[in-house]
Visitor: 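One structure, as structure tokens, below. Some questions next.
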4 protein chains.
Amino acid sequence: MPVTKDVLLLQVITHNRMTDKKEKILIAALKLFANEGYNATSTSKIAKEAGVSEGLIFRHFGNKEGLRDAILLDGEEKARIFFADIIFETDPQELIRKFLNLSRKVAEDQEVSDFWKLQYKLKWELEVYGEHKMEPLEHALSVAFSKMGYPEPALEARLLLINLDGIATRYFLQKNFDLDAVISFMHTKYKL
Amino acid sequence: MPVTKDVLLLQVITHNRMTDKKEKILIAALKLFANEGYNATSTSKIAKEAGVSEGLIFRHFGNKEGLRDAILLDGEEKARIFFADIIFETDPQELIRKFLNLSRKVAEDQEVSDFWKLQYKLKWELEVYGEHKMEPLEHALSVAFSKMGYPEPALEARLLLINLDGIATRYFLQKNFDLDAVISFMHTKYKL
Amino acid sequence: MPVTKDVLLLQVITHNRMTDKKEKILIAALKLFANEGYNATSTSKIAKEAGVSEGLIFRHFGNKEGLRDAILLDGEEKARIFFADIIFETDPQELIRKFLNLSRKVAEDQEVSDFWKLQYKLKWELEVYGEHKMEPLEHALSVAFSKMGYPEPALEARLLLINLDGIATRYFLQKNFDLDAVISFMHTKYKL
Amino acid sequence: MPVTKDVLLLQVITHNRMTDKKEKILIAALKLFANEGYNATSTSKIAKEAGVSEGLIFRHFGNKEGLRDAILLDGEEKARIFFADIIFETDPQELIRKFLNLSRKVAEDQEVSDFWKLQYKLKWELEVYGEHKMEPLEHALSVAFSKMGYPEPALEARLLLINLDGIATRYFLQKNFDLDAVISFMHTKYKL
DNA sequence: TATGAATGAGGCTTCATTCAT
DNA sequence: CATGAATGAAGCCTCATTCAT
């Protein structure tokens, strides 16, 4: 999977170009936006959390929206990396299996979990779904379903992604949600 | 289904007891909270939208949270009414058909649509899922699947509800989401 | 002491003319103004404490100042009654003895205590001393000191009243103030 | 008395460290709190008087209480300085003479006068006497009376302080109060 | 690049007061 | 006489943003 590596490399380079403090701001903002929401997080709280003066946020990102957009841009990249392993899978059954296990992978890593929580929180707060981010994944799923002989592969793919949104909703918001039970059940439904 | 009617009647009576202005505030707040979010909606905006002095909000609801909670309480009742028709359906196939058409019904009425949008927006803003509201519906679906001979009726029911969350996410956030295509496809998947 | 009796009688009559609710407002306001201050006491708090609608305050007293003035007027009367026993004392030594014991009498009755606390609190909040209320008392003390052969009876009287203000300051504000010790000491200073 | 001088010097240095605007706020608040009372003075009035934005008050002092406490803290220091000259006097007669002239000194300087007025106003508004501030002075007076052979030096000292409270009450609240007459009379009473 | 004092607009809330009933 | 819904001004405070250093 050379793509992943390249992207990761690119990311490292980009990050090295950033000042320490600029990155501290991004990390602090990510954490606070994810846990308290965009509107509920003040720039002064971000500055405090980042250990940085408030003015610096505006020097680096222009304004609060600029900071938010920088985080979202960062996110698109991270999402691409996160999805790359699935998209380039050639065995259809394995591809779907990997897709279904996505949420388990998210659940395993607190930082990744926080990142996706932010994505969903911002979606709802800003009312922008950002569907283009999911297109490659939807396409790959569609191809897989097609190979497996499903009569409506495009709709099957879309349904699966919709399901992922539903699972995310539950996973991030419902305290006692049993993720494993649902994922296992889906595996059996798709005969994997 | 006399229960539904009684509840509706009760509601009408209750509403008539409310001052005109108190209800105007509730309606304005519902609309604004749903479309801009709780934190992003100022009490002065609500007052302006309702054609009312800002102070009146606090006389009737104590504070902004009180207003929010009043709307949520109202919502629980409306949700019960909204679900009643499904829950009391005795034919399992018809029950699931009605359930799948829920989102279409929501889409038909702007006010109902706003109300459900608010429910989801607040879920994410306050990070509380409020799972108990869905339990009767989940139970009814489970019974229906059981009658229809599904091997895992409880999990089928849960999955359907998760799907509903996913559809809501798309319907409210994705500009070009084709609701009908997805719903139709699900009908065929469940052989209805 | 017919004066006292007449004044008391007048008061009773006046009170009977008052509605129950009007008096409830006066009592509640007295209590709240005395303990929280004039500015810090809202009319709604008074209404709640009095078990009365907020509007009634304005029907009876015009506005918040009107209520305050009604209380102060009431106070002048009560003060006259309170001082009458001293002023009409003919034996100079006994007069001064009675005066020195004034504060002890205040300390014995919670309601009287509250009333004088209000008087001082309002003095400081409104910056009006109301010196005329004390004139008859000062005059009586002056006459007594004169009879007792003091070279500067007027100044002795004034000093004693100033002392009373100091004692009030301590009694109402200093938690561990030992009133008795100070009063006893003054008795010996004036050889009583 | 080098102590006094050192303290004053320290104060000057400290003040220079303060921003101009921070001190302007303190001065304006002192004036307004002293003349209108704490509750009756709005933060916006203070800002206007200080020629400063309202928000700055909160940046520097957190909230209105924080501003009040800053003034009170400042006050304790100033009071110590103000009393130092008396406390370190070794000649008992001179000490008492200086004490009696305290109020004259206050009356001579409008700013000092404002400061002590604030102290008393806040005492009554907050119902806290703050007796500890006066202890060193009371002790010094007690020692002086003892040296002068008074039989009850501790009570004499306390009585003198109580008298000071009474004089303050009159001086700050009674429009036509003749301070000099009373002070002169007290000088003769204490044979000074 | 980095700070933090400073600002002005706006946010939530309380208050005295009015008025229809 | 009495209520309590309704108002508008003001109060305290927070926020995003600017700017001199």
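Naming convention: chains lettered A, B, ... in sequence-line order (proteins, then strands); numbering from 1 in each chain. Computed from heavy atoms alone, side chains included, the values below leave out hydrogens, waters and symmetry copies. These numbers come from a predicted model, not from an experiment.
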Visitor: Select from D:G51 and B:Y38 the residue whose nearest nucleotide in DNA chain E is closer to the 5' end of that strand.
Guide: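 Checking each residue's closest nucleotide, the 5'-ward one belongs to D:G51.
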Visitor: What integer distance in Å separates A:H60:NE2 from E:dT3:C1'?
Guide: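 That distance rounds to 12 Å.
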Visitor: What is the distance, rounded to the nearest whole Å, between atom CG of A:L67 and atom P of F:dA16?
Guide: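 Rounded to whole Å, this separation is 11 Å.
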Visitor: Heavy-atom count around A:K31 NZ within 6.0 Å, excluding the residue itself: above 12?
Guide: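 Incorrect, the count does not exceed 12.
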Visitor: Could you check how far NZ of D:K48 sits from P of E:dG8, rounded to whole Å?
Guide: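 Distance check: D:K48 NZ to E:dG8 P gives 12 Å.
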Visitor: Mapping C:V52 and D:K45 onto DNA chain F by nearest heavy atom, which one lands closer to the 5' end?
Guide: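 Here C:V52 is the residue nearer the 5' end.
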Visitor: Please figure out whether D:S42 or C:K21 has its closest DNA chain F nucleotide nearer the 5' end.
Guide: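 First, find each residue's nearest nucleotide; the 5'-ward one identifies C:K21.
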Visitor: Nearest of F:dT17, F:dT7, E:dA16 to any side-chain atom of C:E54?
Guide: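 It is E:dA16.
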Visitor: Measure the distance from CD1 on D:I46 to C1' on F:dC13 and round it to the nearest whole Å.
Guide: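 For the pair D:I46 CD1 and F:dC13 C1', the rounded distance is 13 Å.
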Visitor: With heavy atoms under 4.0 Å as the rule, sort C:T43 into base, sugar-phosphate or nothing.
Guide: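 Since a base atom lies under 4.0 Å of C:T43, the category is base.
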Visitor: Nearest whole Å is fine: how far is F:dA9 P from B:R59 CZ?
Guide: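 Rounded to whole Å, this separation is 19 Å.
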Visitor: Is a salt bridge present between B:E127 and A:K117, judged by a nitrogen-to-oxygen distance below 4.0 Å?
Guide: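 A salt bridge links B:E127 with A:K117.
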Visitor: Does E:dG11 have OP1 or OP2 under 4.0 Å away from a side-chain N or O of B:S44?
Guide: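 Affirmative; the distance criterion is met.
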Visitor: Paired with E:dA20 by Watson-Crick or G-U wobble geometry, both distances under 3.5 Å: which nucleotide is it?
Guide: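 Pair assignment: E:dA20 / F:dT3.
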Visitor: In whole Å, I'd like the distance from the CG atom of D:D20 to the C1' atom of F:dA20.
Guide: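 Nearest whole value for this atom pair: 14 Å.
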Visitor: When you check the gap from the basic side-chain N to the acidic O, do A:E36 and A:K45 get nearer than 4.0 Å?
Guide: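 Answer for the salt bridge query: yes.
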Visitor: In this structure, how many angstroms lie between the P atom of F:dT14 and the CZ atom of D:F58, rounded?
Guide: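 Value for this atom pair: 7 Å.
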Visitor: Does C:E125 pair with D:K121 as a salt bridge, N-O distance under 4.0 Å?
Guide: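 No, C:E125 and D:K121 are not salt-bridged.
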Visitor: Which residue, B:N39 or C:K64, contacts DNA chain E at a nucleotide closer to its 5' end, judged by nearest heavy atom?
Guide: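 Nearer the 5' end of the strand: B:N39.
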Visitor: Does any nucleotide pair with F:dA9 by Watson-Crick or G-U wobble geometry, both distances under 3.5 Å, and what is it?
Guide: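 Base partner found: E:dT14.
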Visitor: Hey, is CD on C:E76 packed in by over 12 heavy atoms from elsewhere, all under 6.0 Å?
Guide: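 Yes, enclosed.
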Visitor: For B:N63 and F:dC12, what is the distance between atoms CG and C1' respectively, to the nearest whole Å?
Guide: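 Going from B:N63 (CG) to F:dC12 (C1'), I get 16 Å.
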